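Just so it is clear: chains get the letters A, B, ... in the order the sequence lines come, proteins before strands, and each one is counted from 1. Predicted model only: the values in this text are computed from it and were never measured.
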2 protein chains.
Amino acid sequence: MVLPRAARTQRRTRIQEEKEEQILEAALDVFATHGFRGSTIDQIADVAGMSKPNLLYYFRTKEAMHRALIDRVLDSWLDPLREFDAEGNPVSEICSYIRRKLEMARDFPRESRLFANEILQGAPHIEDELKGPLKALVDEKAEVIRAWAKAGKIAKCDPYHLIFAIWSTTQHYADFDVQVRDVLGEERSGEGRFEDAARFLEQLFVKGLEIKNGSD
Amino acid sequence: MVLPRAARTQRRTRIQEEKEEQILEAALDVFATHGFRGSTIDQIADVAGMSKPNLLYYFRTKEAMHRALIDRVLDSWLDPLREFDAEGNPVSEICSYIRRKLEMARDFPRESRLFANEILQGAPHIEDELKGPLKALVDEKAEVIRAWAKAGKIAKCDPYHLIFAIWSTTQHYADFDVQVRDVLGEERSGEGRFEDAARFLEQLFVKGLEIKNGSD
DNA sequence: GTAATGTTTTACCAACCGGTCAAATTATCA
DNA sequence: TGATAATTTGACCGGTTGGTAAAACATTAC
């Protein structure tokens, strides 16, 4: 029988898992660089080293490939925020959140750019995820931060904008990598820039959220 | 004689200025939303309210349109950084830089997204500008910040990463607008979010760069 | 007014796009 | 081994893409 992959309910063969893996890897490359509309199936097939019809045997449409990729990546992308622990020490929780986000920017820049492209272009394929699971998770963690502030453990601040600030400053090093390297110049474009960024951002956020003597 | 616009050296007619304006306005809309490769001439022509060949009479290629747009926008985009004044008070200079960048994110989100798209996709059309004028300007302002730190006016910090942090946190509200709105929820998605962001970011950066008693 | 120039449109093209089909090839397993 | 199912490919299709040619139309200069 000839059934396209998507129509089957169970994963069957070893070869299927391998090829799907191979395709999603290539798709990540292409979608992250050109966005959904700017990417072509031919291009992905080329990167994956297989023919276009073969690729379409495993994913029936370009949309299906993109969706599979989003589903797989979104979950792991939110892990650092999930680890944010209400019981921990506020300063070290925030520091390690920043560090984890920076590590992801360094080690998984394509995943970051995939989302950046998607959101930049109006999030046409993931708005449900943003309004649902993402918002829920942020709401939960924002409450944690608000409690910390109320308990006098950190300065009073808008927890949502704090989270936005951590997201933007860390993901910047993945999404705007070219610009960062160009501005730093060749001599400072080694991996050391992530160390420097970590040092700076920890200083900024720790001091920025500190309780000053006699205030707050 | 029939010469495409680009071949002429002088701007001639009133109609030319109007139409080029009209086209670039439409192109900004489309390129900012879909990136270069994801945009089509037909789409731009549609938004501009003219036929495709007519549009190609003023700009001979899609690339020419994009380039004209970049050239026009890049300059004004860097204005806030140029205003950064070495003679001014460090804290208020940084605050007003943040405020200006936030105002641009609010008032010119398409311009921000145009660059974000371009850089995300590897800056294939503007890398010269990044390595040249942009780097030069940042180098100059980084030196100003370094001098402030050395003079004990602000905390010691890496000036380049400080600038990156200001860029990313402010532009976030333009580039990731959909996400920001979705996470904040409907009731907080009014224009007030820019006020809240300004308050939070000023607090973060001012406190984060403060000189602590007895240190630095 | 009319001739020259500037502008717009219609019709078109070759290349590319997402996707289909049927046949060929390969893997699986009794 | 052979039958059956899974995988891969080349040829192809209708629609879209960036861009062109030439003629129709409008504007300006004299």
Please report the distance, rounded to the nearest Å, between [atom1] in [X] and [atom2] in [N].
X        : N       : atom1 : atom2 : answer
Phe59(B) : dG18(D) : CZ    : P     : 16 Å
Leu56(B) : dA22(D) : CG    : C1'   : 16 Å
Gln22(B) : dT8(C)  : CD    : C1'   : 13 Å
Glu18(A) : dA6(D)  : CD    : P     : 17 Å
Asp46(B) : dT16(D) : CG    : P     : 13 Å
Ile44(A) : dG19(C) : CD1   : C1'   : 14 Å

- Message: Taking side-chain hydrogen bond (donor to acceptor under 3.5 Å, both in side chains) as the definition, give me every residue that meets it alongside Arg188(B), ordered by chain and number, with sequence neighbours left out.
- Response: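 For Arg188(B), the residues satisfying side-chain hydrogen bond (donor to acceptor under 3.5 Å, both in side chains) (neighbours in sequence not counted) are Asp158(A), Asp196(B).
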- Task: Please name all residues satisfying side-chain hydrogen bond (donor to acceptor under 3.5 Å, both in side chains) with Glu103(A), sequence neighbours left out, ordered by chain then number.
- Result: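 Per chain and number, Glu103(A) pairs via side-chain hydrogen bond (donor to acceptor under 3.5 Å, both in side chains) with no residue.
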- Apply ring-ring contact (aromatic ring centres under 6.0 Å, His included) to Phe205(B) and list each qualifying residue two or more places apart in sequence or on a separate chain.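 Scan of Phe205(B) (ring-ring contact (aromatic ring centres under 6.0 Å, His included), adjacent residues dropped) gives none.
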- Query: Could Asp85(B) and Lys141(B) be called an ion pair, given the rule that one side-chain N must be under 4.0 Å from one carboxylate O?
  - Reply: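 No salt bridge links Asp85(B) with Lys141(B).
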- salt_bridge(Glu186(B), Arg181(B)) N-O dist < 4.0 Å: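 Salt bridge: no.
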Side-chain donor-acceptor contacts of residues 159-167 of chain A below 3.5 Å, not counting sequence neighbours, with atom names and distances?
residue: Tyr160(A); atom: OH; partner: Asp139(A); partner atom: OD1; Å: 2.5
residue: His161(A); atom: ND1; partner: Tyr173(B); partner atom: OH; Å: 2.6
residue: Trp167(A); atom: NE1; partner: Tyr97(A); partner atom: OH; Å: 2.9

Answer yes or no: does a side-chain N or O of [X] lie under 4.0 Å from OP1 or OP2 of [N]?
X        : N      : answer
Tyr58(A) : dA6(D) : no
Lys19(B) : dG6(C) : no
Gln16(B) : dT7(C) : yes

- Item | Listed nucleotide nearest any side-chain atom of Asp42(B), set dG18(C), dG18(D), dG19(D) |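 The answer is dG18(D).
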- salt bridge (charged side-chain N to carboxylate O under 4.0 Å, His left out) partners of Glu140(A), counting only residues at least two apart: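 None.
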- Item | Counterpart residues, salt bridge (charged side-chain N to carboxylate O under 4.0 Å, His left out), relative to Glu127(B) (two or more places apart) |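 Testing Glu127(B) for salt bridge (charged side-chain N to carboxylate O under 4.0 Å, His left out), a comparison that skips the adjacent residues, returns none.
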- Task: Provide the full list of salt bridge (Lys or Arg N to Asp or Glu O under 4.0 Å) pairs with a residue in residues 113-125 of chain B, sequence neighbours left out, each pair given once.
- Result: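 Listed once each, the pairs would be none.
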- Heavy-atom contacts under 4.0 Å between residues 24-37 of chain B and DNA chain C, which residues?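 Correct list: empty, so none.
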Which atom pairs link the protein and nucleotides 9-15 of chain C when you take only N or O atoms and keep those under 3.5 Å?
residue: dT9(C); atom: OP2; partner: Ser51(B); partner atom: OG; Å: 3.2

